[in-house]
Novice: 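Provided herewith is a single structure, encoded as structure tokens, for subsequent inquiry.
Proteins come first, then strands; the chains are lettered A, B, ... in the order of their sequence lines, and each starts at number 1. The structure displayed is predicted, hence computed values, not measured ones.
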Protein chains: 2
Amino acid sequence: MLTIGKLSRLTGVKVPTIRYYEQIGLLSCPERSEGGQRIYEMAVGQRLSFIRHARELGFSLDDIRELLTLSDEPDQSCAAVDEIAKRQLVEIEKRITRLTALKTEMRRMLDQCACQTVSTCRVIEVLGDHTLCTDDH
Amino acid sequence: MLTIGKLSRLTGVKVPTIRYYEQIGLLSCPERSEGGQRIYEMAVGQRLSFIRHARELGFSLDDIRELLTLSDEPDQSCAAVDEIAKRQLVEIEKRITRLTALKTEMRRMLDQCACQTVSTCRVIEVLGDHTLCTDDH
DNA sequence: CTTGCACCTCTAGTGACTAGAGCAATTATA
DNA sequence: TATAATTGCTCTAGTCACTAGAGGTGCAAG
Ligand SMILES: [Zn+2]
Ligand SMILES: [Zn+2]
Ligand SMILES: [Zn+2]
Ligand SMILES: [Zn+2]
């Protein structure tokens with residue numbers, strides 16, 4: 001049995017975040033002490049660690065909610081699970097592609113700036129005129 | 001002279017977004033028609049296009065606010081401008097690094113899954129146990 | 001003159017928390 | 001046992017950059 005603080009230390013999830021997860025129904029309401037404080041069973045630590053790790057890997061809370069539901073049915077096919085993960089992978093790849101293009105553009109801007117006055121600054125110039133860019137973003 | 005709709009079409013910034021930018025002081029309040037509708041000078045198009053392009057390149061509205069202020073003083077050194085852009089570049093690079101690590105981890109998870117039942121799903125397993133990962137995130 | 005689109009203000013919602021106020025319960029120390 | 005320190009509680013509001021919707025008004029074409 002754990003207080004919210006201990007659960008927090010155990011999982012690395014901050015106390016207000018745990019309460020937030022309860023509020024949005026990602027964690028079910030735990031028992032309370034006589035004084036009204038939350039008391040968690042040890043197993044909640046597993047669930048919370050799962051949530052934390054999935055968040056670190058970039059899954060949305062909605063995806064996590066679904067993953068948790070799926071993981072409660074061990075005999076089902078894991079196709080749906082893998083589908084969510086694949087979608088997440090594609091998302092990540094898209095973001096990397098986009099950010100890589102931005103990086104190139106930013107570097108080009110900075111490299112071309114002669115570092116004199118604002119009136120001749122290449123950064124300002126390019127920001128004001130997308131046709132000076134090499135690709136769309 | 002432009003109505004808000006024309007300004008929107010000219011710059012590709014949505015009407016509510018233009019009003020939002022006015023609300024937070026990124027665009028100054030334009031004149032109004034007798035009926036109370038906003039009427040913009042052509043020059044606002046430049047400013048708004050600058051904002052849009054900077055947003056597309058990932059700058060925050062706070063950074064953009066500062067860039068706009070700086071760009072109004074053409075004779076100053078552009079060091080401060082370039083500083084903001086450099087910071088932004090570093091941010092982008094950090095995000096790429098992080099996302100690349102996530103991508104690796106996600107791919108590993110998916111590759112290792114034998115695609116049978118949830119109980120043996122590698123995705124669920126790894127999400128529940130970070131020690132199965134190859135790096136920190 | 002009427003139709004229909006564009007425009008107006010204001011409020012609330014998004015995601016995933018975070019901060020803070022003001023108070024109650026529990027635990028550690030004296 | 002008394003007190004102090006820590007931890008817990010609820011509730012509200014703030015973050016960022018918008019977006020959606022309600023309920024109303026202005027304006028231009030036919
Ligand atoms: Zn410069
Ligand atoms: Zn561009
Ligand atoms: Zn699987
Ligand atoms: Zn991990």
Side-chain angles (χ1 to χ4, degrees), chain A residues 1-27 29-40 44 47-48 50-68 84 87-88 91-92 95 98 102 137, chain B residues 1-27 29-40 44 47-48 50-68 84 87-88 91-92 95 98 102 137:
Chain A
M1 295 307 208
L2 302 161
T3 63
I4 199 168
K6 279 178 195 153
L7 181 63
S8 171
R9 260 162 272 140
L10 189 68
T11 58
V13 179
K14 288 181 196 157
V15 170
T17 304
I18 297 173
R19 288 197 280 248
Y20 170 71
Y21 287 164
E22 179 184 324
Q23 194 193 314
I24 63 169
L26 207 57
L27 293 176
C29 300
E31 289 168 37
R32 300 286 184 128
S33 73
E34 287 188 13
Q37 306 200 347
R38 290 171 178 81
I39 299 173
Y40 294 93
V44 180
R47 193 176 171 89
L48 197 47
F50 184 100
I51 295 172
R52 190 197 165 186
H53 196 209
R55 283 293 300 134
E56 284 170 351
L57 288 166
F59 287 90
S60 72
L61 291 182
D62 270 356
D63 279 349
I64 293 170
R65 198 190 300 270
E66 212 175 328
L67 288 169
L68 284 166
I84 293 172
R87 226 176 42 212
Q88 177 62 15
E91 262 314 302
I92 290 173
R95 267 187 261 164
R98 183 175 141 70
L102 296 195
H137 17 248
Chain B
M1 294 309 210
L2 302 162
T3 63
I4 200 170
K6 281 178 194 152
L7 181 62
S8 171
R9 262 163 271 141
L10 190 68
T11 57
V13 179
K14 287 182 197 153
V15 169
T17 305
I18 296 173
R19 287 198 279 249
Y20 169 71
Y21 287 165
E22 179 184 325
Q23 193 194 314
I24 63 168
L26 207 55
L27 292 176
C29 299
E31 289 169 37
R32 300 285 182 126
S33 73
E34 287 188 13
Q37 306 200 346
R38 290 170 179 81
I39 300 173
Y40 294 94
V44 179
R47 193 177 171 91
L48 196 48
F50 183 101
I51 295 172
R52 190 195 165 188
H53 196 210
R55 282 295 297 136
E56 284 170 350
L57 288 166
F59 288 90
S60 71
L61 291 181
D62 268 358
D63 279 349
I64 292 171
R65 199 191 297 273
E66 211 174 328
L67 287 170
L68 284 167
I84 294 173
R87 225 176 42 213
Q88 177 61 15
E91 261 314 301
I92 290 173
R95 271 188 257 165
R98 181 174 143 71
L102 296 195
H137 14 251

Novice: May I have the distance from Leu27(A) (atom CG) to dA16(C) (atom P), rounded to whole angstrom?
Specialist: 15 Å
Novice: So, Gln88(B) side chain and Gly58(B) main chain: donor-acceptor pair closer than 3.5 Å or not?
Specialist: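 The answer is yes, because a donor-acceptor pair under 3.5 Å joins these two groups.
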Novice: Can you check whether Ile18(B) reaches Leu7(B) side chain to side chain, under 4.5 Å on heavy atoms?
Specialist: yes
Novice: Listed by chain and number, what are the side chain to side chain donor-acceptor pair (under 3.5 Å) partners of Arg47(B), not counting sequence neighbours?
Specialist: none
Novice: Should Ile51(A) and Leu26(A) count as side-chain neighbours, where that means a heavy-atom distance under 4.5 Å?
Specialist: yes
Novice: How long is the line joining CG of Leu2(A) and C1' of dT7(D), in whole Å?
Specialist: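 In whole Å, dT7(D) C1' and Leu2(A) CG are 15 Å from each other.
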Novice: Could you encode protein contacts along nucleotides 9-27 of chain D as a string, one character per nucleotide from 5' to 3', using B for base contact, S for sugar-phosphate-only contact and - for no contact, with a heavy-atom cut-off of under 4.0 Å?
Specialist: SB------BBS------SS
Novice: What is the separation between atom CD on Glu22(A) and atom C1' on dA16(C), rounded to the nearest whole Å?
Specialist: 16 Å
Novice: Kindly indicate whether the side chain of Ile64(A), heavy atoms from C-beta on, has any atom under 4.5 Å from the side chain of Tyr21(A).
Specialist: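 The answer is no, as the side chains (C-beta and beyond) never meet within the 4.5 Å cut-off.
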Novice: Take atom CZ of Arg9(B) and atom P of dC5(C), then tell me their distance rounded to the nearest Å.
Specialist: 13 Å
Novice: For residues 50-62 of chain A, which residue pairs pass the side-chain hydrogen bond (donor to acceptor under 3.5 Å, both in side chains) check, not counting sequence neighbours?
Specialist: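 Residue pairs passing side-chain hydrogen bond (donor to acceptor under 3.5 Å, both in side chains), neighbours aside: Arg52(A)-Glu56(A), His53(A)-His130(B), His53(A)-His137(B).
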Novice: Between dC17(C) atom C1' and Arg52(A) atom CZ, what is the distance in whole Å?
Specialist: 15 Å
Novice: Please report, rounded to the nearest Å, how far the C1' atom of dG15(C) is from the CD1 atom of Ile64(A).
Specialist: 12 Å
Novice: Whole angstroms only, please: what is the CD1-P distance between Ile18(A) and dT18(C)?
Specialist: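 Going from Ile18(A) (CD1) to dT18(C) (P), I get 12 Å.
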